[in-house]
Asks: 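Questions regarding the structure given below will be posed in turn.
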Amino acid sequence: MLATGRFGTDKAGYAAMRKRVAAWPERTWAVEGSNGAGRPLAQRLLADGERVVDVPAKLSARARLFDTGHNRKTDAHDAHAVAVVAVWTSGLRVLSYDLELEALRMLVDRRAELTRTRIQTVNRLQRLLAELTPGKAKKDITTLQAKAILASVRPRDLAGKTRRRLAAEQLAELTVVDKKIKDLTKELKVMVVGSGSRLMDLPGVGPVVAARTLADVGDVARFADRNRFASWTGTAPIEASSGEIVRHRLSRAGNRRMNHMIHIAAATQIRLDTEGRAYYRRKLATGKTRAEAMRCLKRRISDAIYRRLLADARTLSNAGMHAGPGGHRGASLKSSAAGSHPHTSTSDQPLPGPAPTTLPAPTPTRKSTTSRPLQPAS
């Protein structure tokens, strides 16, 4: 161990941390959870030209258990475990700083916020309209229908007039939010197409689903095969066998936002005349429930998205372009999903451990410096 320290997350703490490691010009930063809690720190380091590797939480927990004999967390034990994993584990994912990908992530997050705001506004408007026109409220109402309902109501008492005025305000807010969502969707579509991605060629995958996929996946090469990708998206079932009884149960793990995006794509395919709907109906014909058939279709869509991300990264690599969202230039993209129609089974299980990196490994002479992100200064 060369040095230790505890630093705040403000500018002063970040500057003190950088100054502390200045004695080692060739250094590697190991960050746990670079797509979650550690993302702000990782992005700041990348923006300053530092070399950053992502340490999976499972590996650091394993190192902490071996080091201390228990799995109780402390800041010091966590930092040491992350450093141990970075020093002794080959093939950790080297992070890259992609401004376009960061902008895409912010826009898709903003659209998700607006969508939640819209749902709240619609619920408030529905409640007021149901009070103004008892028994005539509609479950799914458009802004034009709401305007028509308000135009037909002329309450005379003070409570009714107040209720109508509040409903009009909610309607005006809904109109503004709808316009913002529409504009953001157009912007996301332009960015997805400009990135060179062809995710929107898949049935049921629109600009929002494609943008969320690119923003959350980042470098597709961090997934060794389609099974690990399915585990990350929460579409790979978990084995729950006992004795001679072999069965699987639904996985609640993985990236739940991506799982929701895949669910949207699956619901769209079922609604339209697509191969996904035919596949869904075949599963129903074999005796599966609607939920089971939906899970099978979601796993199939997960595999299709993974293959498309690989193909896009390959195209950019072969063209000699700098790969944007979905891959890195020069990535090695060997995978079991390379075929055009690989066999898809809903019982395929993900393999443990991190995916091999597609970027250069650190040189043996470099020292590893560890840091605990998002910890308050003491």
Side-chain angles (χ1 to χ4, degrees), residues 36-37 39-40 102-193 199-200 203-216 234 252 255-274 277 290-291 294 298 374:
R39 184 182 184 90
E102 188 67 13
L104 186 66
R105 181 186 66 82
M106 289 188 291
L107 289 177
V108 75
D109 286 345
R110 173 57 179 162
R111 191 190 183 281
E113 293 172 354
L114 288 174
T115 300
R116 289 191 292 269
T117 301
R118 185 187 189 279
I119 293 174
Q120 295 172 354
T121 305
V122 168
N123 290 340
R124 290 191 289 264
L125 178 60
Q126 289 276 41
R127 184 188 71 245
L128 293 170
L129 291 179
E131 295 172 353
L132 285 170
T133 57
K136 297 182 180 180
K138 298 183 63 177
K139 182 178 179 181
D140 298 318
I141 191 171
T142 64
T143 54
L144 293 178
Q145 292 172 339
K147 288 180 181 179
I149 293 175
L150 284 178
S152 64
V153 177
R154 289 288 185 272
R156 297 182 178 180
D157 59 293
L158 178 60
K161 292 179 179 179
T162 303
R163 190 174 291 114
R164 187 183 185 281
R165 177 172 60 84
L166 293 177
E169 291 178 359
Q170 294 296 326
L171 181 58
E173 293 179 9
L174 180 61
T175 303
V176 173
V177 171
D178 280 343
K179 184 180 185 304
K180 290 182 178 180
I181 291 177
K182 185 177 180 180
D183 293 341
L184 268 179
T185 302
K186 292 180 179 179
E187 188 174 358
L188 288 174
K189 183 176 181 180
V190 172
M191 293 188 68
V192 170
V193 174
L199 276 175
M200 289 192 296
V205 178
V208 178
V209 176
R212 172 58 69 188
T213 300
L214 295 176
D216 282 15
R252 294 293 183 185
N255 187 312
R256 302 315 300 172
R257 294 183 303 189
M258 270 302 301
N259 189 279
H260 179 59
M261 293 296 104
I262 293 177
H263 185 88
I264 292 176
T268 303
Q269 289 192 12
I270 293 174
R271 187 175 69 251
L272 304 177
D273 185 14
T274 62
R277 182 166 72 175
R290 291 181 179 273
M294 172 64 82
K298 287 172 66 175
L374 298 178

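One-based numbering along the sequence shown. Just so you know, these numbers use all the heavy atoms, side chains as well, and skip hydrogens, waters and symmetry mates.
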Asks: For Gly234 versus Arg256, what's the shortest heavy-atom pair and its separation?
Replies: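 Shortest heavy-atom contact: CA-NH1, 4.2 Å.
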Asks: Take Asp178 and Arg118 through the test side chain to side chain contact (heavy atoms under 4.5 Å, CB included) and record every step on the way to the result.
Replies: CA-CA 7 Å; Asp178 280 343; Arg118 185 187 189 279; 2.5 Å; yes
Asks: Provide the closest heavy-atom pair for Val192 versus Ala210 in the form atom of the first, atom of the second, distance.
Replies: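 Here Val192 and Ala210 meet closest at CG1-CB, 3.9 Å.
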Asks: Could you pull out every donor-acceptor pair under 3.5 Å between side chains of residues 168-175 and any protein atom, sequence neighbours left out?
Replies:
from   : atom 1 : to     : atom 2 : distance (Å)
Glu169 : OE2    : Arg165 : NH1    : 3.3
Gln170 : OE1    : Arg124 : NE     : 3.2
Thr175 : OG1    : Leu171 : O      : 3.0

Asks: Decide if atom CZ of Arg290 counts as having more than 12 heavy atoms of other residues, nucleotides or ligands within a radius under 6.0 Å.
Replies: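 Incorrect, the count does not exceed 12.
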Asks: Which pair of heavy atoms, one from Ile149 and one from Leu129, lies closest together, and at what distance?
Replies: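 Heavy atoms only, the tightest pair is CG2-CD2, 3.9 Å.
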Asks: Just how far is it from atom CZ of Arg271 to atom OG1 of Thr268, taken to the nearest 0.5 Å?
Replies: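 Interatomic distance, Arg271 CZ to Thr268 OG1, rounded to 0.5 Å: 4.5 Å.
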Asks: Might you point out which heavy atoms bring Ala167 and Leu132 nearest each other, and give the distance in Å?
Replies: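 Where Ala167 meets Leu132 most closely, the heavy atoms are CB-CD1, 4.3 Å.
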Asks: Nearest 0.5 Å, what's the CG-CG distance between Leu128 and Asn123?
Replies: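 Between atom CG of Leu128 and atom CG of Asn123 there are 11.0 Å.
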Asks: Taking atom CD1 of Ile181 and atom CZ of Arg110, what is their separation to the nearest 0.5 Å?
Replies: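 Rounded to the nearest 0.5 Å, the CD1-CZ separation comes out at 9.5 Å.
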Asks: Considering the options Lys180, Glu187, Lys182, which one meets the side-chain contact (heavy atoms from CB on, under 4.5 Å) requirement together with Leu184?
Replies: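 Of the listed options, the one satisfying the test is Glu187.
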Asks: Once you round to the nearest 0.5 Å, how far does CG of Asp109 lie from CG of Leu104?
Replies: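 It comes to 9.5 Å.
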Asks: Are the side chain of Arg105 and the backbone of Ala215 linked by a donor-acceptor contact shorter than 3.5 Å?
Replies: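 It does not hold such a pair.
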Asks: Mind listing the closest non-hydrogen atom pair of Val208 and Met261 along with its distance?
Replies: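 Smallest heavy-atom distance, with atoms named: O-SD, 4.2 Å.
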Asks: Which is it for Arg212 and Arg111 under the side chain to side chain contact (heavy atoms under 4.5 Å, CB included) test, yes or no, and what are the steps along the way?
Replies: CA-CA 10 Å; Arg212 172 58 69 188; Arg111 191 190 183 281; over 6 Å; no
Asks: At their closest point, which heavy atom of Arg164 faces which heavy atom of Pro155, and how far apart are they?
Replies: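 Heavy atoms of Arg164 and Pro155 come nearest at CD-CD, 3.8 Å.
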Asks: Among residues at least two apart in sequence or on other chains, which ones pass side-chain contact (heavy atoms from CB on, under 4.5 Å) with Asn255?
Replies: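 Residues passing side-chain contact (heavy atoms from CB on, under 4.5 Å) with Asn255: Asp216, Trp232, Arg257, Met258.
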